[in-house]
Amino acid sequence: MPATDFIELSLDHCIKCTICTAACPVSAVTDLFPGPKYVGPQAQRFRRDGEAPPDDTVDYCSGCRVCNEVCPTGVKIMEINTRAKARIVESRGVPLRSWLLGYQYLIGRLACGPLAGVANLFANLRWVRVLAEHLTGIAREAPLPSFSGYSFRSWARRHRDPHAAGATGRPKVVYFHGCATNYYEPRVGEAAVAVLEHNGFEVIIPEQGCCGLPLLSNGIFSHGRHHHQYNVAQLYSYAAQGIPIVGTSTSCTLTLKEEAPELLAMHDEQTRVVAEHTYDIFEFLRLLHERGRLNTRFRRIKRRLPYHAPCQQRAHRIGRPALDILELVPGLTMVESEAACCGLAGSYGYKVEKYRIAMDVGAELFDFIRASGSDLAVCDSEICRWQIDHGSEVYSVHPIELLREAYGLAPGA
Amino acid sequence: MRDTIVIGAGLAGLMGALALAEAGRRPLVLATGHGATHWSSGTIDVWGQAASGGPRAAVAAVIAGDPDHPYARTGVAGLEAACARFRQVMQAAAYPFVGDLHSDLMIPTALGAFRRAALVPRTMSAGALQAGDRVLIAGFRQLRDFYPPLMAQNLRSQGIAAHGVYLELPPVNRNLDFTTRSLAQCFDDGAFRAHVGAQLARLRGDASHIGLPAVLGMRHPLDVIAELERHSGGQVFEIATLPPSVPGMRIASILERAIVAAGGRIQIGSAVLRGVADGDRLTTVISEAAAREQQHRAVRCLLASGGIAGGGVRTDQTGAVWETALGLPLAAPASRRAWFASRSLDPRGHAIFRTGVLSDDRLRPLDQRGVVVYRNVTIAGGALAGADTIRERSRSGVALATGWAAGSRLAAIEA
Amino acid sequence: MSRSLTADVLVIGGGATGVGVVRDLALRGIRAILVEKGDLTHGTTGRYHGLLHSGGRYVVKDPQSAQECAAENEILRRIMPHCIEDTGGLFVITPADDERYAETFVAACRACGVWVDDVPLAEVMRHEPRLNRKLRRAFAVRDAAADAFLATEANAADARARGATLLTYHHVTDLELEGDRVTGARCEDLRNGEAVTIHAAYTINAAGAWAGKIAGLAGLDIAVVPGKGTMVAMNHRIVNSVVNRCKPPADGDIIVPIQTVAVLGTTDIAVPDPDVFGIEPDEIALILAEGEHLVPGVSRMRALRAWAGVRPLYRDVAAVDDRDIPRTYKLLNHRTRDGVAGFVSIVGGKWTTYRLMAQEAVDLVAADLGIAIPCRTAVEPLPPVHGAPKSGHLTLGGRLRHVESEELYGDVICECELVTRRQLVDAITTGGAANLDDLRRDTRLGMGPCQGGFCTYRAAGLWHELRGADDAGGADAAAALTRHFIQERWKGLAAIAWGDQLRQQRLDELIALEVLGVDLLPAAVIADGARHPTVVTEHAAIATEYHAE
Ligand SMILES: Cc1cc2nc3c(=O)[nH]c(=O)nc-3n(C[C@H](O)[C@H](O)[C@H](O)COP(=O)(O)OP(=O)(O)OC[C@H]3O[C@@H](n4cnc5c(N)ncnc54)[C@H](O)[C@@H]3O)c2cc1C
Ligand SMILES: Cc1cc2nc3c(=O)[nH]c(=O)nc-3n(C[C@H](O)[C@H](O)[C@H](O)COP(=O)(O)OP(=O)(O)OC[C@H]3O[C@@H](n4cnc5c(N)ncnc54)[C@H](O)[C@@H]3O)c2cc1C
Ligand code: SF4
Ligand code: SF4
Ligand code: SF4
């Protein structure tokens, strides 16, 4: 049996129980999507190898993987859907919008830096968004993040590790920042570097490209493959030495770990070694703690904060490492949302026909956050944070920013 | 970090986790996916075969006659304790249960057959009809999982004056796939309820009871029922139908919330692959995850992975049978030839479905020689050998009693 | 109670052959009645392998069959494209096979006029990613997948439209004899026990593997050997084209992709009686083990169901092995052969050659009746039928495309096989279905992975509303139908229920017993004693339990 096959073959496990459809946040709010059981294991029996699928509704799958999470038999539903989407793209060509959403980072590369102010102004002008919606199908209301006035990489070049002086033989760790940190939210990367250095690590920030997830979820597999190959080439030498690769973007780390290798059926040694050495940053910190190596001298933070575990984080299947660590901070109480998904799901909610769906999906989360009365929310995924800001108008941070605060490390240090 | 592991998020696993959480053990529940909770009808069936003297007496008789039955591990007292705590938790979440262990309620299925249940949610209890009752069975054509005329006619053939009708679907902004869940969402909307209530008032005639499919709201079904009763003037009850089960989902989420509130954590989507042991102590539980397995230190572990339906037991063409999470020894038929009876509905059931883990009187796993495999592991629910709980109609009773007992006993184990 | 009917010709047997015969008669304007003891395709036609033969399988040992198949293949593609999926076929040499056979095979194909083409292995692998990577040779042939349910329905619809009468659940119990002439038959209507006598100038015995039994009713002896074959359907399409081992025909050497499943088979075991046979565990093991040569890993994939059918093999030469009996058909004119007039038997053959068999039988009968109208079945296309595309060939994705464009997903009653409310309502109200298993043959209800776990209750609910809501027995009938269908589905499951399919069974049990209480309804069996006018669930004449030893 070819190794590429296990995603499709997982449909054999389906016992038709409909648990997935009862949990799918998208089919809960729209008639346009019949739900995971239909478009996944069921429709797959009607699709021919290598041909465009006969069904279009699969395109409304947001890729959130809630179905995979609840399925009692282990069907890889979301992967089946994504492969079907890719075959639609293959047969019909890639729409302009998918290119734009898939290559967001190129826009980020242009707009981030000194021009950010102008770019942000421009990007948020209503007529610009209306025009863009007409031209490209990118929803005018969808939350576009603000470009940062400097990139994370430019910060990193200037940054001097305060612990470096005199220290030799410190353990090393590679930091994968991803596009969002680089162009929009350098503060998250700065916090990650600060926390890792505070725990005695030397942080390496190698050349890296977009993880390619936006391309994969828009069905542009061939380009996604190039991106992944590039990143593997950049990261392999570290992984081969046993140096862990940690990331703050739950979707980038998931892509490195599993999404790209599985969807693209890349089963070579280098891809595997990189995947096996990639960690979500809190997963990594939790491992440190389990080995008694985490610095646990925290300041008291007397707060009660709402927390949302993003679907891309849950898809790592590692529990709630951010909560496990933040629980150690005296005075801090985290309250977890029960919402399945924020709705945005990568680039899904940016599409004009899906914007409303995304907002409806996110409603439960927005309500939860607003009801908490807190002026601050916590969430590991940048995309979710933008959606939370947009939907609930509560400012949100990555848990690593909270942890830096608990360590008493001032921003910018 | 967390060192109490519960494997399985069905009724047994959740009750066990609740016991552990309430004892301060901060359990981590690992499960491949949701459990049989989402498939079941949402009642607690203690012993469904015809029995005299009610469920309590029936269980006492089962224990006396079969010392290896799962109920023998908890005793009647264990069952009572589990039911009591279960009812409190449900009550606290405004989803009260009625009934007791002295007598069964006879409630109708969506086919119109009467089945026994010891505890039923208040939303269903008015369905305990008596001969001579007049009842309206109402549903929606858009729900392919419920057929009022068929159910009503079967009730009539059992002496109940029943009438089945289809309601007009109130205006909704949806038109496609009405599942039990999407209809339950509709009932969360006031205008929808009022529209249904008005129709029921019109159609009720002289019926004193009104039965509807179990879709009367996800979070506040009692309010929905009260409102429909106000409109219609009849006693309204829910009837469980095909999966996914709204009543089942309600119970599962109430239990999950109670576990989290008591300090537990639930990690769905993580299948347990195996365990690592040091002699007769399990030390580590390993679960599946992206790119790398996840290791969990295990000071104590509850296995509630269900039987063949739950995925806790797998089989193959050669007749091999194995326990999927910890690889514990199983009691199973010797060969495939002995798996099945020739008729599907044979009342004795099929031997293969009795497969499970043998346990000692403290619910610890035993091997074929009767030696305890791991001292810090207990077993509950469908994973236990010795009963075909579907034929007995004792699935939820066994899950509840053994889950609670296994969790409570495990909580006492020290590192 | 009794009824009496008259026709020019009586046809016994509602399989491919019988229905083909009755259509041919109707096309020639001959008044005909067909009787079938169960539903149409109740016999072998509903339990075969689904292969429209190219002839390739028979080129070496049975050239006549091969030529017949090759010719009929082209004709059927023309007259019933909507019942055939043009999958194409392959003959492959696996590492377990003798590579020298390739030359024998190709030469024989050429000699028989069976189209064959050598295909580069790389190309085969592109189209068939799950096939054994170690194949040594591959040849393309004109094999295809045929849906016998649709094809029989199309023939039946056309025959009815042209004036023929098709009576299902009519069991022939005796032949009417006047001197040396067969003048019709006596039947029992299994739905109500009524005795039905049919008078006809001519009787055509198209009872397949039961043809020997029917001839026996006239005191005639014809040696029809029921050759049982078992097949295993896998949960999804594993291959895209028909795949045959390129070697002398043997057990378990073909995979046919048919609709949503792939069917592995078959075996060939002579059985004494076409009504009594089992599916043996050894057969299943052998089929899966042989399948491994073609698709490594197949025996670990999910099996959906197993079934067995009986070949109507006509033995007129001394054959040692069943497989040595020629697969060609034989028309027996009992007047010239046995001195009994008004009676012919058409025996043997294959599904692929049903039309030719019908033509030959009707040519003889028409000549005897003095009717000179020639056969038109080779050129007259078959009408559209529900469940088949309106134009072009059957395709795998067709039903999904249809649901997406024309139906609400909420109206899909059998979710696995995408059977819609509309289709079922139509089949229940207009068809002759007498139970849910007949609806299955009409629509594919309950044929998917869950094997009726969810849709049995739904179909029973619809049936009750449309057929039985008013009469007193309606609910009893629905209960009997439900239990009957559960047992019908179970029959084909016990042999392959392990792994995922066993888990499915347990969920199905949970639904049937715990949720619905199917077993708790007041006992109601619609059988010999208490009959229901439109429902037949259990009757000895149509019982098809697999009696495993
Ligand atoms: C809300 C509710 C309503 C019910 N209603 C009824 C009723 O009306 N009548 C009745 O008789 N019973 C009812 N039941 C009982 C129910 O049907 C079962 O009795 C009960 O769930 C027993 O099963 P279990 O807990 O042992 O396992 P299951 O419910 O089968 O759950 C097994 C769990 O284990 C997980 N699992 C399996 N293998 C692994 C692995 N290797 N690693 C990790 N996880 C694994 C599965 O994903 C699943 O979460 C109900 C239960 C509930 C909770
Ligand atoms: C395992 C197997 C695999 C096969 N695969 C293929 C294949 O892939 N391709 C192919 O072309 N051919 C195949 N065949 C052969 C093909 O299926 C048969 O030749 C064909 O279906 C026979 O059709 P029929 O109409 O002659 O017989 P049947 O379909 O058996 O019809 C005879 C009918 O007569 C009815 N009958 C019997 N007794 C009475 C009575 N007393 N009163 C009323 N009715 C009665 C029966 O109920 C039955 O419906 C296969 C056969 C088998 C067994
Ligand atoms: S990935 Fe998310 S949107 Fe897609 S089917 Fe699964 S649950 Fe639904
Ligand atoms: S939850 Fe899993 S097993 Fe159930 S219907 Fe969905 S895919 Fe199938
Ligand atoms: S997924 Fe990560 S690397 Fe890829 S575009 Fe988003 S932020 Fe960039």
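Order of the sequence lines sets the chain letters (A, B, ...), proteins ahead of strands, with each chain counted from 1.
When the candidates T179(B), I352(B), D316(B) are compared by the number of heavy-atom contacts under 4.5 Å with chain C, D316(B) comes out ahead. Contact tally against chain B (heavy-atom pairs below 4.5 Å) for G517(C), G453(C), G499(C): the top residue is G499(C). Ranked by heavy-atom pairs under 4.5 Å with chain C, the list A240(B), G112(B), A113(B) is led by A113(B). Contact tally against chain C (heavy-atom pairs below 4.5 Å) for R141(B), M151(B), Q317(B), H350(B): the top residue is Q317(B). Contact count against chain B (heavy-atom pairs under 4.5 Å) is highest for A497(C) among C455(C), A303(C), A497(C).
Residue D500(C) touches chain B through both its backbone and its side chain, counting heavy-atom pairs closer than 4.5 Å. With a 4.5 angstrom heavy-atom cutoff, T318(B) does not touch chain C via any of its atoms. In this structure, chain C has heavy atoms under 4.5 Å from both the backbone and the side chain of D388(B). Proximity to chain C (any heavy atom under 4.5 Å) is restricted, for F114(B), to the backbone atoms N, CA, C and O. No part of A117(B) comes within reach of chain C, as not one of its non-hydrogen atoms sits under 4.5 angstrom from that chain. Proximity to chain B (any heavy atom under 4.5 Å) is shown, for L462(C), by both the backbone and the side chain. If you measure heavy-atom distances from P148(B) to chain C, you find no contacts under 4.5 Å at all. Contacts between R489(C) and chain B at a heavy-atom distance below 4.5 Å are absent for every atom of the residue. Interface remark: A459(C) contributes no atoms to any contact with chain B (heavy atom separation under 4.5 Å). Contacts between I511(C) and chain B at a heavy-atom distance below 4.5 Å involve the side chain alone, from C-beta outward. For chain C, the nearby part of R314(B) is the side chain; its heavy atoms alone come within less than 4.5 Å.
The two residues I486(C) and A512(C) make their nearest non-hydrogen contact at CD1-CB, 4.1 Å. Closest non-hydrogen pair, G42(B) versus P121(B), comes out as O-CD, 3.4 Å.
Of the charged side-chain nitrogens involved, at least one lies within less than 4.0 Å of a carboxylate oxygen, so that D145(B) and R458(C) count as a salt-bridged pair. Ion pair R422(C)/E406(C) not flagged as a salt bridge, since none of the NZ, NE, NH1 or NH2 atoms sits closer than 4.0 Å to an Asp/Glu carboxylate oxygen. Between D519(C) and R393(B), at least one side-chain N (NZ, or NE/NH1/NH2) sits under 4.0 Å from a carboxylate O, which counts as a salt bridge. A salt bridge is defined here as a Lys NZ or Arg NE, NH1 or NH2 lying under 4.0 Å from an Asp or Glu carboxylate O, and R401(C) with E404(C) fails to meet this definition.
Taking the six-membered ring where the residue is Trp, Y147(B) and Y457(C) present perpendicular rings, their angle passing 60° and hence far from 30°. Ring pair H34(B)/H38(B) is parallel by interplanar angle, where below 30° counts as parallel and above 60° as perpendicular.
Both the sub-6.0 Å distance and the 45° axial angle are not jointly satisfied by R440(C) relative to the ring of F485(C).
Looking only at side-chain heavy atoms (C-beta outward), R115(B) and E514(C) stay at 4.5 Å or farther from each other.
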